[in-house]
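First up is the structure itself, then whatever we jot down about it.
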Amino acid sequence: MSKVHFVGAGPGDKELITLKGYKLLKNADIVIYAGSLVNPELLDYCKEDCEIYNSAVMDLGEIIDVMERGVRENKEVVRLQTGDFSIYGSIREQVEELNKVDVGFDCTPGVSSFLGASSALGVEYTVPEISQSVIITRMEGRTPVPEKESIQEFAKHQTSMVIFLSVQEIEKVVERLIEGGYPEDTPVAVVYKATWPDEMALRGTLTDIAAKVRENGINKTALIMVGRFLGQDYNNSKLYDKDFVHEYRGNEDGEK
Ligand code: SAH
């Protein structure tokens with residue numbers, strides 16, 4: 001019996017799928033893709049007679065039925081999910097259902113949009129001595145967020161933060177970030193449709209970013225990036241410091 005292949009589609013650009021994901025798509029007999037966010041150009045990689053389903057108009061039961069039927073007919077089934085499925089990918093509930101009907105699966109990761117967004121800006125989330133941690137979170141929507149994971153709570157750390165699924169409520173996000181402890185002049189970026197042809201990146205501070213987002217009509221498919229990693233301060237890493245000796249590079253005395 002074949003298996004269901006979960007494949008991360010990447011953030012948008014059709015070349016940002018892994019080689020392994022591309023090969024799975026190319027061989028697929030059935031593809032179920034997340035039509036709301038996956039770039040449909042990725043489907044150009046599929047065989048002409050590949051059956052294609054858009055999960056945006058299906059419920060969980062329908063998705064599982066298509067997967068189960070395909071696998072029982074020994075077809076190659078690909079579940080193509082936006083970015084990487086481990087971030088807000090609802091893979092857990094699909095896996096639980098597949099387990100119930102004894103259908104196997106494997107996973108091929110993808111480039112998450114938070115990495116597409118840092119590429120769009122050419123920035124590093126982990127600038128030495130500025131920030132060495134990244135918090136990936138969201139504000140509650142129809143899906144609740146545990147209280148101890150509120151934006152205000154995380155804001156106390158003042159580290160690099162990437163906020164998914166929340167740009168439609170940018171004013172509320174900003175309010176909570178300030179309430180939690182980020183100074184008002186903290187740099188913020190909002191990246192809309194990172195790596196797509198119509199990508200848009202806005203930069204500002206907690207004081208003016210909400211107005212910029214509204215002016216540009218952004219209300220979905222965007223990430224809010226917050227923190228001093230976006231600012232002017234930085235320190236070089238020790239790794240490339242000529243006086244820093246490590247396993248692969250000795251100092252002038254040949255010491256390692
Ligand atoms: N699994 C996906 C996230 C799915 S949740 C991943 O790894 O990226 C959907 C949210 O992801 C959107 O509301 C938006 O906040 C973000 N998102 C997805 N693709 C994006 C893109 N290309 N640019 C900016 N944000 C994106």
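Whatever order the structure lists them in is the order used to number ligands and atoms, beginning at 1. Since the structure is predicted, the reported quantities are computational estimates derived from the model, not experimental observations.
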Sub-3.5 Å N/O-N/O distance, [X] and ligand 1:
X      : result
Pro11  : yes
Ile163 : no
Gly89  : no
Tyr88  : no
Ile87  : yes
Tyr192 : no

To check your reading of the model: name the closest protein heavy atom to [atom], its residue, and the distance in Å.
atom                    : answer
atom 25 (N) of ligand 1 : Leu223 CG, 3.4 Å
atom 9 (C) of ligand 1  : Leu37 CD1, 3.5 Å
atom 2 (C) of ligand 1  : Thr82 O, 3.4 Å
atom 14 (C) of ligand 1 : Ala222 O, 3.5 Å
atom 11 (O) of ligand 1 : Phe164 CD2, 3.3 Å
atom 13 (O) of ligand 1 : Leu165 CD2, 3.4 Å
atom 17 (N) of ligand 1 : Ser113 OG, 3.3 Å
atom 21 (C) of ligand 1 : Ala194 N, 3.5 Å

The reported gap from CD1 in Ile224 to CZ in Phe114 (rounded to nearest 0.5 angstrom) is 16.0 Å

In this structure, OH of Tyr33 is separated from CG of Asn39 (nearest 0.5 Å) by 10.0 Å

(message) Between Lys100 and Glu97, does any NZ, NE, NH1 or NH2 come within less than 4.0 Å of an OD or OE carboxylate oxygen?
(response) yes

Has the side chain of [X] got a donor or acceptor atom that lies under 3.5 Å from a matching backbone atom of [Y]?
X      : Y      : result
Asp29  : Lys75  : no
Ser36  : Ala56  : no
Ser150 : Lys148 : no

* **Non-hydrogen side-chain atoms of Gln94 and Met67 separated by less than 4.5 Å** => yes

Note, Ile32 side chain near Glu62 side chain (heavy atom, < 4.5 Å) | no

Show me which atoms of ligand 1 lie under 4.0 Å from any heavy atom of [X].
X      : answer
Gly83  : 6 (C), 7 (O), 8 (O)
Trp196 : 22 (N)
Val191 : 24 (C)

So is [X] close enough to ligand 1, meaning a heavy atom under 4.0 angstrom away?
X      : answer
Lys193 : yes
Thr195 : no
Gly12  : no

Heavy-atom closest pair (Ala222 atom, Tyr192 atom, distance to 0.1 Å) is CB-CA, 3.9 Å

Below 30° counts as parallel, above 60° as perpendicular, anything between as tilted: where do the rings of Phe229 and Tyr125 land? tilted

Checking heavy atoms under 4.0 Å, the part of Phe85 that sits near ligand 1 is neither

_With a 4.5 Å cut-off on side-chain heavy-atom distances among I, L, V, M, F, W and Y, is there a chain of contacts connecting Val191 to Leu165?_
yes

In terms of hydrophobic clustering (I, L, V, M, F, W, Y; side-chain heavy atoms under 4.5 Å; direct or indirect links), are Leu177 and Val188 co-clustered? yes

- Would one find more than 12 heavy atoms of other residues, nucleotides or ligands at under 6.0 Å from atom NZ of Lys47? yes

Heavy-atom proximity to atom 6 (C) of ligand 1, picking from Ser112, Ser86, Ala117, points to Ser112

